[in-house]
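Below, chains carry the letters A, B, ... as their sequence lines are ordered, and counting in each starts from 1.
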2 protein chains.
Amino acid sequence: MVTLKELAKLLNVSVSTVSKALSDSNEIGEATKKRVTELAKELNYKPNRIAQQLKSSQTKVIGVVVPSLMNPFFAEVVHGIEKTLEEQNYDMTICISNESLEKEKRSFDLLSSGSVDGFIVAVARDTQIKYDIKHFEIISKNAPIVMFDRVLNDIDCNKVVVDDFNTVFEATRYLIQKESRKHILLISNIEELSVGKQRVNGYKKAVEEHYLKTNIIKLDREESPDELIKNYLEAHEEIDAIISIDHITGIMALNSVKALGKNVPEDISIIGFGYVDSEYVSSPKLSIINQKGFEIGKTSAEILINQLASNSKIEVKTMMVKSELNLKGTTKKA
Amino acid sequence: MVTLKELAKLLNVSVSTVSKALSDSNEIGEATKKRVTELAKELNYKPNRIAQQLKSSQTKVIGVVVPSLMNPFFAEVVHGIEKTLEEQNYDMTICISNESLEKEKRSFDLLSSGSVDGFIVAVARDTQIKYDIKHFEIISKNAPIVMFDRVLNDIDCNKVVVDDFNTVFEATRYLIQKESRKHILLISNIEELSVGKQRVNGYKKAVEEHYLKTNIIKLDREESPDELIKNYLEAHEEIDAIISIDHITGIMALNSVKALGKNVPEDISIIGFGYVDSEYVSSPKLSIINQKGFEIGKTSAEILINQLASNSKIEVKTMMVKSELNLKGTTKKA
DNA sequence: TTGTACGCGTTATCAG
DNA sequence: CTGATAACGCGTACAA
């Protein structure tokens with residue numbers, strides 16, 4: 001790594017001359033500027049970012065803490081974050097909590113010692129269940145946090161969420177009103193998350209508003225969830241629509257229905273919770289509630305960077321990113 | 001952020017005393033040690049990592065540059081990397097090249113100014129096509145690189161790859177020998193990548209060895225790849241097996257075959273290139289070649305950290321991670 | 001126009 | 001046992 005000092009020695013000038021020349025300061029004569037920049041280019045000089053960070057006490061790095069990247073929703077969000085950060089010349093260091101409280105704490109520890117300027121976080125499942133949130137309280141004193149999707153109401157920070165309740169409410173109502181469905185099954189495997197509860201409630205409200213019966217399958221880490229779905233459908237011939245509230249069970253449901261010899265969407269309508277690829281791996285293409293992960297990521301990063309720029313305590317708020325109902329082949333009117 | 005200096009002032013001792021006390025040096029008396037550690041805990045002191053990095057000129061951070069995280073293979077690899085790094089107390093900063101040469105260069109620029117101790121990289125598609133690899137040459141002078149999957153033969157560094165050729169060769173041979181298939185279709189949408197070529201060659205070798213005809217569909221960014229597959233199958237009634245060499249077309253093929261009223265695996269066997277979730281979204285469950293992304297990530301990180309520890313130029317080599325043929329429901333003998 | 005001096009927070013060496 | 005000092009690389013106020 002070539003440093004200012006080395007350049008200075010080679011050119012027989014002082015370190016600060018070199019520094020100023022490289023930042024194109026008008027204190028420096030054109031001649032020396034040229035000598036300096038040329039040598040710098042030749043030796044491929046790059047200012048040491050660590051030193052800059054220490055000096056300026058800002059890192060231009062954002063810490064991103066997510067439960068997993070193998071959940072396509074989070075992967076999409078991370079891409080959204082990346083997009084904004086890139087435009088603003090920020091980097092990100094990603095920690096994966098793996099849904100574990102301990103790992104989440106550890107990530108905060110590592111990142112909170114000056115390595116990042118702020119955080120974007122989706123809370124681990126474990127943390128939400130145990131509701132041990134001291135690490136959030138501590139960290140939020142020192143650095144700005146933006147939470148998305150998996151959010152902690154008791155922590156005072158900016159939040160970006162999907163309008164989970166209304167989204168599922170409207171999708172359910174769509175099935176009832178526009179497709180005349182009367183026996184709607186909801187499949188859930190994220191019951192214990194705040195977002196999961198919201199979604200289930202949206203479903204319940206729509207169903208109850210029309211004086212229909214709720215039908216819910218909870219899959220918490222089943223051995224063979226697809227079997228369970230199939231068995232349920234066999235035992236409940238009356239089911240004529242299905243809503244799935246996570247990214248994978250919708251496709252499972254579709255396959256189960258087809259295996260039972262029923263037609264989609266003629267006999268049963270299906271709406272999944274989706275991500276961009278789900279339409280490629282299903283036939284007919286799955287109608288989905290699109291969570292807009294990319295948007296969520298972009299928005300989160302923008303909020304954080306704004307907060308960083310205007311380093312005052314601006315009012316903290318919760319942004320709703322509205323999700324879209326993308327109707328494809330598993331509902332009647334695509 | 002509370003610093004050593006502040007602690008020193010509060011305790012009326014010198015900065016170096018505090019520093020030593022906290023690192024449990026035996027130069028310091030038990031009494032003062034206790035005073036220091038207690039105050040440090042109380043004020044939640046954490047050594048500033050940036051300062052430590054500047055001092056020690058190592059960051060304990062690895063730069064990970066991948067084309068995308070929405071490809072489940074890369075997501076899996078990143079999880080593998082994360083696992084190893086966590087055990088070794090390293091962090092990672094992730095840059096997403098988005099398959100673009102320019103973004104890849106930019107990522108290197110950002111990370112090469114002392115922010116990371118080493119790199120783990122999968123080369124962008126764009127870079128492989130244009131074969132502009134100067135940035136790799138430059139960087140590999142200063143910091144160790146490990147490449148995985150998408151690899152550049154002309155760069156002298158450690159590499160971790162799937163045994164693409166043999167993997168597909170053996171899968172194809174399996175279809176011919178054990179399942180008596182004679183008309184095997186290969187579906188490819190990554191023809192232009194080194195890994196893609198290897199896989200196609202493996203297929204060709206097996207087919208030609210048995211004096212059969214090759215059937216290949218190339219899908220470079222089609223509008224509706226599923227339609228194309230379906231049309232091909234309709235036009236070629238004789239096809240009795242399909243191999244897909246990326247993570248998504250296998251499921252498309254399965255759906256197309258079912259839509260044409262054929263039975264899987266009775267009429268047609270299918271083998272996809274897989275990741276952990278593919279069996280959940282297909283029915284019957286897709287037989288796959290499992291690329292073992294997690295293994296690849298773990299191995300890459302281990303190699304890099306070893307290299308960093310023994311900071312000599314050890315011999316550079318290419319590790320093969322053997323992939324597995326996971327037979328499920330889309331081949332006859334599961 | 002150029003150079004000197006200092007500080008960011010830490011650690012290591014050396015002196016007391 | 002404790003404290004002063006220097007150094008990591010950079011930027012900047014101030015002096016020349």
Side-chain angles (χ1 to χ4, degrees), chain A residues 1-37 39-40 43-61 89 110-117 142-143 311, chain B residues 1-37 39-40 43-61 89 110-117 142-143 311:
Chain A
M1 289 269 82
V2 36
T3 68
L4 286 183
K5 196 195 277 184
E6 302 179 50
L7 293 180
K9 187 178 292 174
L10 288 171
L11 293 165
N12 274 319
V13 293
S14 80
V15 174
S16 56
T17 305
V18 180
S19 173
K20 285 171 189 162
L22 289 175
S23 53
D24 201 29
S25 157
N26 47 7
E27 296 180 34
I28 303 294
E30 285 306 322
T32 28
K33 258 187 204 171
K34 197 164 172 229
R35 289 208 307 145
V36 172
T37 47
L39 186 64
L43 300 185
N44 192 33
Y45 167 80
K46 300 259 172 56
N48 182 321
R49 257 184 104 204
I50 303 292
Q52 288 179 315
Q53 290 171 8
L54 182 61
K55 182 111 237 305
S56 64
S57 63
Q58 59 155 341
T59 61
K60 288 281 206 171
V61 178
N89 264 292
L110 275 171
L111 298 183
S112 63
S113 356
S115 337
V116 299
D117 294 344
N142 296 313
N311 50 19
Chain B
M1 290 270 82
V2 37
T3 68
L4 286 182
K5 196 195 276 183
E6 300 180 50
L7 291 181
K9 188 178 290 174
L10 288 171
L11 292 166
N12 273 319
V13 292
S14 79
V15 174
S16 47
T17 304
V18 179
S19 173
K20 285 171 190 164
L22 289 173
S23 54
D24 200 28
S25 157
N26 46 6
E27 297 180 39
I28 303 293
E30 286 305 322
T32 27
K33 259 187 204 171
K34 198 167 169 228
R35 288 206 310 143
V36 172
T37 48
L39 186 66
L43 299 186
N44 192 33
Y45 167 79
K46 299 260 171 55
N48 182 320
R49 262 184 100 204
I50 303 294
Q52 288 179 317
Q53 290 171 8
L54 181 61
K55 189 101 239 296
S56 65
S57 64
Q58 60 156 343
T59 61
K60 288 280 205 172
V61 177
N89 265 290
L110 275 170
L111 298 183
S112 65
S113 356
S115 338
V116 299
D117 294 343
N142 297 314
N311 51 18

Nearest listed nucleotide, side chain of A:L54, among C:dG3, D:dC10, C:dC8: C:dC8

From D:dC10, C:dT2, D:dT2, nucleotide with atom closest to A:I28 side chain: C:dT2

Upstream residue (5' side of DNA chain D) when A:R49 and B:E30 are each assigned their closest nucleotide: B:E30

Residue list, side-chain contact (heavy atoms from CB on, under 4.5 Å) with B:A51, at least two apart or on another chain: A:L54, B:N48

Heavy-atom side-chain contact between A:K60 and A:Q52 under 4.5 Å: no

Residue pair A:V13 / A:R35, side-chain heavy-atom distance below 4.5 Å: yes

Matching residue for A:S14 among A:V18, A:N12, A:T17 - test: side-chain contact (heavy atoms from CB on, under 4.5 Å): A:T17

Can you tell me how far [atom2] of [N] sits from [atom1] of [X], to the nearest Å?
X: A:L22; N: C:dT2; atom1: CG; atom2: C1'; result: 15 Å
X: A:Q53; N: C:dT10; atom1: CD; atom2: C1'; result: 15 Å
X: B:L43; N: C:dG9; atom1: CG; atom2: P; result: 15 Å
X: B:L4; N: C:dG7; atom1: CG; atom2: P; result: 17 Å
X: A:K5; N: D:dG11; atom1: NZ; atom2: C1'; result: 15 Å
X: A:K46; N: D:dC10; atom1: NZ; atom2: P; result: 13 Å
X: B:N12; N: D:dT2; atom1: CG; atom2: P; result: 14 Å
X: A:K9; N: C:dG3; atom1: NZ; atom2: C1'; result: 17 Å

Minimal non-hydrogen separation, B:A40 against B:L7, with atom names: CB-CD1, 4.2 Å

Least distance between heavy atoms, A:S115 atom then A:V61 atom: O-CB, 3.9 Å

Please confirm whether the shortest side-chain N or O distance from [X] to OP1 or OP2 of [N] is below 4.0 Å.
X: B:Q52; N: C:dT11; value: yes
X: A:T17; N: C:dT2; value: no
X: A:Y45; N: D:dC10; value: yes

Sugar-phosphate only, base, or nothing, as touched by A:V13 at under 4.0 Å among non-hydrogen atoms: sugar-phosphate

Touch class at under 4.0 angstrom, heavy-atom based, for A:T32 against every strand present: sugar-phosphate

Residues which pass salt bridge (Lys or Arg N to Asp or Glu O under 4.0 Å) with A:K9, listed by chain and number, not counting sequence neighbours: none

Can you give me the N/O atom pairs linking the protein to nucleotides 12-14 of chain C at distances under 3.5 Å, or say none if there are none?
from   : atom 1 : to    : atom 2 : distance (Å)
C:dT13 : O4     : B:K20 : NZ     : 3.4

